[in-house]
A.B. asks: 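Got a structure for you, questions after.
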Amino acid sequence: MKDKNPSVSLAGAAVSTGEKREHKPPKRKKKSFGLSGRDRKKALLTMPYMLPSIVGVLTFFILPFAVVIYYALIDNTSNANFVGLENFIELFGNAAFKKALRNTGMFSLTAVPLAVVLSLLLAILLDRQIPLRSTFRTIFLSPMIVPAASIILIWQVMFDYNGIINDVIALFGMAPVEWMKSDHGYLVAVILFLWKNIGYNMIMFMSALSAVPKDILEVAMLDGCGAVKRFFMIKLRYLASTIVFVTIMSLINSFKVFREVYLLTGDYPYDTMYTLQHFMNNTFKGFDYQKLSSAAIVLSLAMIVIISVLLWADNRLGRDLEE
């Protein structure tokens, strides 16, 4: 009578003859730098296409910044004696640098939160079905296409001593104000920054609001959640990444307002409008490359720290949303 299960008979024969078989794991192909052969081949094929970008980054970003670090660590370009952190110590003892650093910090702390909050409020308003919604979006986006020279002309006409703003306040019996040559110049710079950047931020928030899952909002509405509670409990969590991105872009743009302020006020504006860019521009004209390089490194480190904190917060919020 034949055995119906040949595998059992073979296993029994192996045991009876005392044969022992050891289980050996299959051999794996060695990977180079953690890549399989196919991935390595793809990387080699894409390298020629990436080479121009790599060369460009090295030529226009990495190498110039290495030169800046070199200048910050020597006494001057002729002797090139290593002085360590002496240039940084002198920089923080410089009254003009401390004033510029304080003004730039205050401007960013004031203008950036205002740009984020106001643009978010406008996005929430225009996200509703209101009349002339497309027209309002066009109006808020129009400053992005206005050239800098035209912006300067508009602001000079409005905020000059004999400008439109002083004519308006004169109707209420108020004295004219030297807007660009007093503490009010800081307010003018903030308004200029908001006028230029609030439209772009608003469009980013409107795009993020349209991507919030509608089914979650409908379920929350059926559960009795009001509009305010739905916004803070649902929409705001989905807007977290966009808020971080808009904050970073607004922070970067807050340093670009120097162009308009410079065209309005020149090299040496009123104290409250003197920024780090004014300091670096004037230092460059004085050929003080050591001080200029030190200031550039300090500004870069400050930006790296702030943006790293914002990206870390975005990562934490993103993980919380996934959970």
A.B. asks: Can you tell me if CZ on F136 sees more than 12 non-hydrogen neighbours from other groups inside 6.0 Å?
C.D. replies: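 Result for CZ/F136: open.
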A.B. asks: Between Y200 and M249 (side chain of the first, backbone of the second, donor and acceptor by atom type, cut-off under 3.5 Å), is there such a pair?
C.D. replies: no
A.B. asks: Could you tell me if the side chain of F279 sits less than 4.5 Å from the side chain of T104, heavy atoms only?
C.D. replies: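 A side-chain contact is absent here, since even the closest heavy-atom pair is not under 4.5 Å.
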A.B. asks: Under a 4.5 Å cut-off applied to non-hydrogen side-chain atoms, are N166 and W179 in contact?
C.D. replies: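 SC-SC contact between N166 and W179 confirmed.
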A.B. asks: Closer than 3.5 angstrom, by distance alone: can the side chain of S142 be matched with the main-chain N or O of I139 as a donor-acceptor pair?
C.D. replies: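 Yes: the side chain of S142 pairs with the backbone of I139.
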A.B. asks: Does either side chain, that of N87 or that of S293, offer a donor lying less than 3.5 Å from an acceptor on the other one?
C.D. replies: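 The criterion, which ignores hydrogens and geometry beyond distance, is not satisfied for S293 and N87.
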A.B. asks: Can you give me the closest heavy-atom contact between I198 and A115, atom names plus distance?
C.D. replies: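 Shortest heavy-atom contact: CG1-O, 4.3 Å.
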A.B. asks: Compare all side-chain heavy atoms of E260 with those of W155 and state whether any distance is below 4.5 angstrom.
C.D. replies: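 When only atoms from C-beta onward are counted, W155 and E260 do not touch, as no gap falls below 4.5 Å.
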A.B. asks: Do the ring planes of Y289 and F287 sit parallel (below 30°), tilted (30 to 60°) or perpendicular (above 60°)?
C.D. replies: perpendicular
A.B. asks: Between L239 and F231, does a side-chain contact (heavy atoms from CB on, under 4.5 Å) hold up when you go through it step by step?
C.D. replies: CA-CA 10 Å; L239 289 173; F231 174 77; 4.2 Å; yes
A.B. asks: Would you give the length of the straight line joining atom CG of L85 to atom OG of S294, rounded to the nearest 0.5 angstrom?
C.D. replies: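 The OG atom of S294 is 9.0 Å from CG of L85, to the nearest 0.5 Å.
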A.B. asks: Report the residue from K98, K99, R102, K181 that forms a salt bridge (Lys or Arg N to Asp or Glu O under 4.0 Å) with D271.
C.D. replies: K99
A.B. asks: Does one side chain, of N103 or T275, offer a donor that lies under 3.5 Å from an acceptor on the other?
C.D. replies: no
A.B. asks: Is any side-chain heavy atom of F159 closer than 4.5 Å to one of V177?
C.D. replies: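 Answer no - side chains too far apart.
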A.B. asks: Is the number of heavy atoms from other residues, nucleotides or ligands under 6.0 Å of Y71 OH greater than 12?
C.D. replies: no
A.B. asks: Does N282 reach the main-chain N or O of H278 with its side chain, forming a donor-acceptor pair under 3.5 Å?
C.D. replies: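 Present.
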A.B. asks: For T247, is there any backbone N or O sitting under 3.5 Å from a side-chain donor or acceptor partner on S250?
C.D. replies: no
A.B. asks: Compare every heavy atom of M280 with every heavy atom of A295, then report the nearest pair and how far apart it is.
C.D. replies: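 The pair with the smallest heavy-atom distance is CB-CG, 4.2 Å.
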A.B. asks: Check the pair F65, S300 against side-chain contact (heavy atoms from CB on, under 4.5 Å), reporting the backbone distance first and the verdict last.
C.D. replies: CA-CA 10 Å; F65 197 74; S300 300; 3.7 Å; yes
A.B. asks: Could you check whether atom CZ of F82 has more than 12 heavy atoms from other residues, nucleotides or ligands sitting under 6.0 Å from it?
C.D. replies: yes
A.B. asks: Would you sort out whether I248 and L311 count as a side-chain contact (heavy atoms from CB on, under 4.5 Å), showing the intermediate values?
C.D. replies: CA-CA 9 Å; I248 292 174; L311 292 177; 3.9 Å; yes
A.B. asks: Take a 6.0 Å sphere around CE of M303 and say whether it holds more than 12 heavy atoms from other residues, nucleotides or ligands.
C.D. replies: yes
